[in-house]
*Asks:* 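Right, I'll just put the structure down here and ask away after.
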Amino acid sequence: MSARQWLMKSEPDVFSIDDLERVRVSGWDGVRNYQARNFMRAMRAGDEVLFYHSNAAPSGVAGLAVVAREAYPDPTQFDPKGGHYEPRATRAAPVWDQVDVRFEAKLPRLLSLDELRGVPALAGMALFARSRLSVQPVTPAQYRTIVALAGRGR
DNA sequence: GCCAACGTTGGC
DNA sequence: GCCAACGTTGGC
């Protein structure tokens with residue numbers, strides 16, 4: 001089966017596309033929403049990811065990544081001193097998963113949420129209707145549209 | 001920093 | 001199982 005496409009949000013103050021470029025591969029830890037977790041569980045190695053900067057000025061799609069490792073337990077859920085501790089989780093029965101993503105590219109320019117909202121081909125994106133969902137599927141057509149937009153300029 | 005939207009928790 | 005209270009996300 002060919003790769004599928006996703007959008008994943010990160011606050012650039014915490015972890016940006018530039019950080020991913022530096023480290024090349026990173027675990028996508030800290031997701032604490034069931035729907036987002038379930039989407040990560042559905043990811044397969046090689047799936048394509050739009051790296052979205054949230055809580056930014058402006059927010060928008062900043063780069064491309066690829067799923068490098070499929071879902072496995074997020075280690076931060078076991079750390080009582082960390083901000084992502086999950087008291088219900090045990091090693092035998094973890095609650096939260098993460099995937100690893102590999103840096104692919106920075107887009108030639110950031111595609112802001114505001115600009116994406118104005119693109120008719122993207123009208124159905126979960127990004128607009130489900131603004132709080134930090135991991136979400138993207139259709140191949142939406143993915144292609146965004147990559148093409150980034151290369152074309154405004 | 002504010003606050004609306006919305007997901008989660010917990011009392012009943 | 002309902003739903004009010006609470007906490008978090010994320011745009012602005």
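Just so we're on the same page: letters track the sequence lines, and every chain starts at 1. Not measured: the values here are computed from a predicted model.
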*Asks:* Output the rounded distance in Å from CZ (Phe128(A)) to P (dT9(C)).
*Replies:*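 Distance check: Phe128(A) CZ to dT9(C) P gives 21 Å.
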*Asks:* Determine the contact category for Arg130(A): base if any of its heavy atoms lies under 4.0 Å from a base atom, sugar-phosphate if only primed atoms, P, OP1 or OP2 are that close, otherwise nothing.
*Replies:*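 Contact class for Arg130(A): sugar-phosphate only.
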*Asks:* Between His53(A) and Arg132(A), who's closer to the 5' end of DNA chain C by nearest nucleotide?
*Replies:*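 Of the two residues, Arg132(A) wins.
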*Asks:* Ignoring backbone atoms, establish whether Lys9(A) has a side-chain N or O less than 4.0 Å from OP1 or OP2 of dT9(C).
*Replies:*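 For Lys9(A), the contact criterion (side-chain N or O under 4.0 Å from OP1 or OP2 of dT9(C)) is not met.
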*Asks:* Are a donor atom and an acceptor atom from the side chains of Arg32(A) and Thr76(A) found within less than 3.5 Å of each other?
*Replies:*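 Arg32(A) vs Thr76(A): donor-acceptor pair found between side chains.
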*Asks:* If you measure from the Lys or Arg side-chain nitrogens to the Asp or Glu carboxylate oxygens, is any gap between Arg109(A) and Glu115(A) under 4.0 Å?
*Replies:*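 Answer for the salt bridge query: yes.
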*Asks:* Taking atom P of dC12(C) as reference, at what distance in whole Å does atom CD of Glu11(A) sit?
*Replies:*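 Value for this atom pair: 15 Å.
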*Asks:* Nearest-Å distance, CG (Leu116(A)) to P (dG10(C))?
*Replies:*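 Value for this atom pair: 15 Å.
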*Asks:* With nearest nucleotides of DNA chain B determined for Gln35(A) and Asn55(A) from heavy-atom distances, which residue corresponds to the more 5′ nucleotide?
*Replies:*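 Final value for this comparison: Asn55(A).
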*Asks:* In whole angstrom, what separates Arg32(A)'s CZ from dG7(B)'s P?
*Replies:*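 Atom-to-atom, Arg32(A) to dG7(B), this comes out as 18 Å.
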*Asks:* Residues two or more places apart in sequence or in another chain: which of them pass side-chain hydrogen bond (donor to acceptor under 3.5 Å, both in side chains) with Trp28(A)?
*Replies:*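 Applying side-chain hydrogen bond (donor to acceptor under 3.5 Å, both in side chains) to Trp28(A) gives none.
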*Asks:* Atom CG of Asn38(A) to atom P of dG7(B): distance rounded to whole Å?
*Replies:*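 Spelled out: CG on Asn38(A) to P on dG7(B) is 14 Å.
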*Asks:* Does a side-chain N or O of Tyr52(A) approach OP1 or OP2 of dG11(C) to a distance below 4.0 Å, or not?
*Replies:*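 True: Tyr52(A) side-chain N/O within range (under 4.0 Å) of dG11(C) OP1/OP2.
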*Asks:* Compile the donor-acceptor pairs under 3.5 Å between side chains in residues 128-135 of chain A and protein atoms, sequence neighbours left out, one pair per line.
*Replies:*
residue, atom, partner, partner atom, Å
Arg130(A), NH1, Gln35(A), OE1, 3.4
Arg130(A), NH2, Gln35(A), OE1, 3.1

*Asks:* Nearest whole angstrom, please: distance from the C1' of dG11(C) to the CG of Leu127(A).
*Replies:*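 Spelled out: CG on Leu127(A) to C1' on dG11(C) is 11 Å.
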*Asks:* OP1 or OP2 of dG11(C) versus the side-chain N and O atoms of Ser59(A): is any pair under 4.0 Å?
*Replies:*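 Answer is yes, contact under 4.0 Å.
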*Asks:* What about Trp96(A) and Tyr34(A), are their ring centers closer than 6.0 Å?
*Replies:*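 Yes, ring centres under 6.0 Å apart.
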*Asks:* Atom CE of Met125(A) to atom P of dG10(C): distance rounded to whole Å?
*Replies:*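 Answer to the nearest Å: 14 Å.
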*Asks:* For Leu113(A) and dG10(C), give me the distance from atom CG to atom P, rounded to whole Å.
*Replies:*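 Rounded to whole Å, this separation is 11 Å.
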*Asks:* Hey, does the side chain of Arg117(A) come within less than 4.0 Å of dC12(C)'s phosphate (OP1/OP2), counting only N and O?
*Replies:*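 So the side-chain polar atoms of Arg117(A) do come within 4.0 Å of the phosphate oxygens OP1 or OP2 of dC12(C), strictly under.
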